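All values reported here derive from a predicted model rather than from experimental measurement. Each residue takes its place number in the sequence, starting with 1.
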Amino acid sequence: MQNCFWRRILVSITVFFLVGSIWVMHSQSALAYNNPELLPDKPTPVVDLAKTLTDIQEQQLVNDLNQFQAETGWKLRVLTQYDRTPGRAVIKFWGLDDKSILLVADSRGGNILSFSVGDAVYELLPRTFWIELQTRFGNLYFVREEGEDQAILQALQSVKGCLLKGGCIAVPGLPREQWILTLISSILGGVICGFAGQPRSDKQAFAWQWALIFSPLWGILFIAFGIGPVVTRTQEWLPIVRNISGFLIGALVAYLSVVFSRSSPSAES
């Protein structure tokens, strides 16, 4: 009876927290309300309710987005909010359509940026682009170092640059942290290739058969995760040369390790 009582208490607490979490997540939806009174009377591409931008930054951004729309036809809009949101009223206020991109900045969540994108935009900028754009500029580490205003401005700059050149598969630019990951992946691919190519007999200099058998593994690490993210994000040669060098060094160290392991017992004897 006592176990049953505590089991019911535990189930009740679990249900309570589950319902509460669903309510909280639902209440933080960026466009869950309709409060047109929060919007300005005159048309403007930037509505800075959270006062994230300075007056000079806001005016420059307004002129830039208006000029960009006049030249290209793409409609970029920015909404910053904190405790109150105009919600779906922005759709009518800005006349959002298939060629519209809405950036919403809200510092209440773990990532301050979210995007509402028209269907025509996905033909040039796929969904993976927007996920990477959000995680690169909207994460707490970037905001802490650069500020919320730079998160907005640099994200918009990436979007405009990609639209001007006819689309992007990935967000341009290679952050140092991302390059380090590609370098580690390249080195690891080289190590696997070197171990696979170690000779199995004295007459064999390099085990090409084993290297080919393991090629899907080290090839994915080196090409897909080591070189691919670099060439799709930057035209600089230095990161590519470094990653290729890392692959070759990793392969050489792994390959020569068998030589040292064989020579050490013979030296002791």
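- Here the closest non-hydrogen pair linking Pro239 and Val230 is CB-CG1, 3.8 Å.
- Identified under the salt bridge (Lys or Arg N to Asp or Glu O under 4.0 Å) test for residues 45-63, with sequence neighbours left out: none.
- Lys75 places a side-chain heavy atom less than 4.5 Å from the side chain of Gln69.
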**Request:** May I have the step-by-step check of salt bridge (Lys or Arg N to Asp or Glu O under 4.0 Å) for Asp106 and Arg108, ending in yes or no?
**Result:** CA-CA 6 Å; Asp106 193 332; Arg108 291 176 293 180; 2.5 Å; yes
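- Under the 4.5 Å side-chain criterion, counting only non-hydrogen atoms from C-beta, Cys193 is not in contact with Tyr255.
- Between Ser100 and Trp74, every side-chain heavy-atom pair lies at or beyond the 4.5 Å cut-off.
- Cluster annotation: Val47 is not connected to Leu156 through the hydrophobic network of ILVMFWY side chains, with a link wherever side-chain heavy atoms come within less than 4.5 Å.
- Between Glu132 and Arg233, at least one side-chain nitrogen of the basic residue sits less than 4.0 Å from a carboxylate oxygen of the acidic one, meeting the salt-bridge criterion.
- Under the 4.5 Å side-chain criterion, counting only non-hydrogen atoms from C-beta, Gln150 is not in contact with Glu145.
- With values rounded to the nearest 0.5 angstrom, Arg136 atom CZ is found 12.5 Å from Leu113 atom CG.
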**Prompt:** Does the pair Tyr122 and Arg127 meet the rule for a side chain to side chain donor-acceptor pair (under 3.5 Å), with working shown?
**Reply:** CA-CA 7 Å; Tyr122 286 119; Arg127 297 182 185 275; 3.3 Å; yes
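- Using a 4.5 Å cut-off on side-chain heavy atoms (C-beta onward), Leu53 and Val46 make contact.
- We find the OG-CG distance between Ser116 and Leu79 to be 11.0 Å, quoted to the nearest 0.5 Å.
- Atom CZ of residue Phe222 and atom CG of residue Leu248 lie 7.0 Å apart, to the nearest 0.5 angstrom.
- No side-chain heavy atom of Ile244 sits under 4.5 Å from any side-chain heavy atom of Ser186.
- Considering only residues two or more places apart in sequence or on other chains, Phe115 meets the ring pair (Phe, Tyr, Trp, His ring centres under 6.0 Å) condition with Trp130.
- Cluster note: Val253 groups with Ile249 through ILVMFWY side-chain heavy atoms spaced under 4.5 Å, whether in direct contact or through intervening members.
- Side-chain atoms of Leu96 and Arg77, non-hydrogen and from C-beta on, do get closer than 4.5 Å to each other.
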Atom pairs and distances, donor-acceptor, side-chain atoms in residues 160-175, under 3.5 Å, two or more places apart:
from   : atom 1 : to    : atom 2 : distance (Å)
Lys160 : NZ     : Asp64 : OD1    : 3.4
Lys160 : NZ     : Asp64 : OD2    : 2.1

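- For the residue pair Asn139 and Asn111, the shortest heavy atom distance occurs at N-ND2, 3.6 Å.
- Here Gln60 pairs with Ile56 under the side-chain contact (heavy atoms from CB on, under 4.5 Å) rule; sequence neighbours left out.
- Here the CG atom belonging to Leu61 is positioned 8.5 Å from the OG1 atom belonging to Thr44, to the nearest 0.5 angstrom.
- A search for side-chain contact (heavy atoms from CB on, under 4.5 Å) contacts involving Trp208 returns Phe206, not counting sequence neighbours.
- Aromatic pair Trp218/Phe247: ring centres closer than 6.0 Å.
- Rounding to the nearest 0.5 Å places CG of Asn243 at 9.5 Å from CG of Leu238.
- Ser245 contributes atom OG, which lies 11.5 Å from atom CD1 of Ile240 (distance to the nearest 0.5 angstrom).
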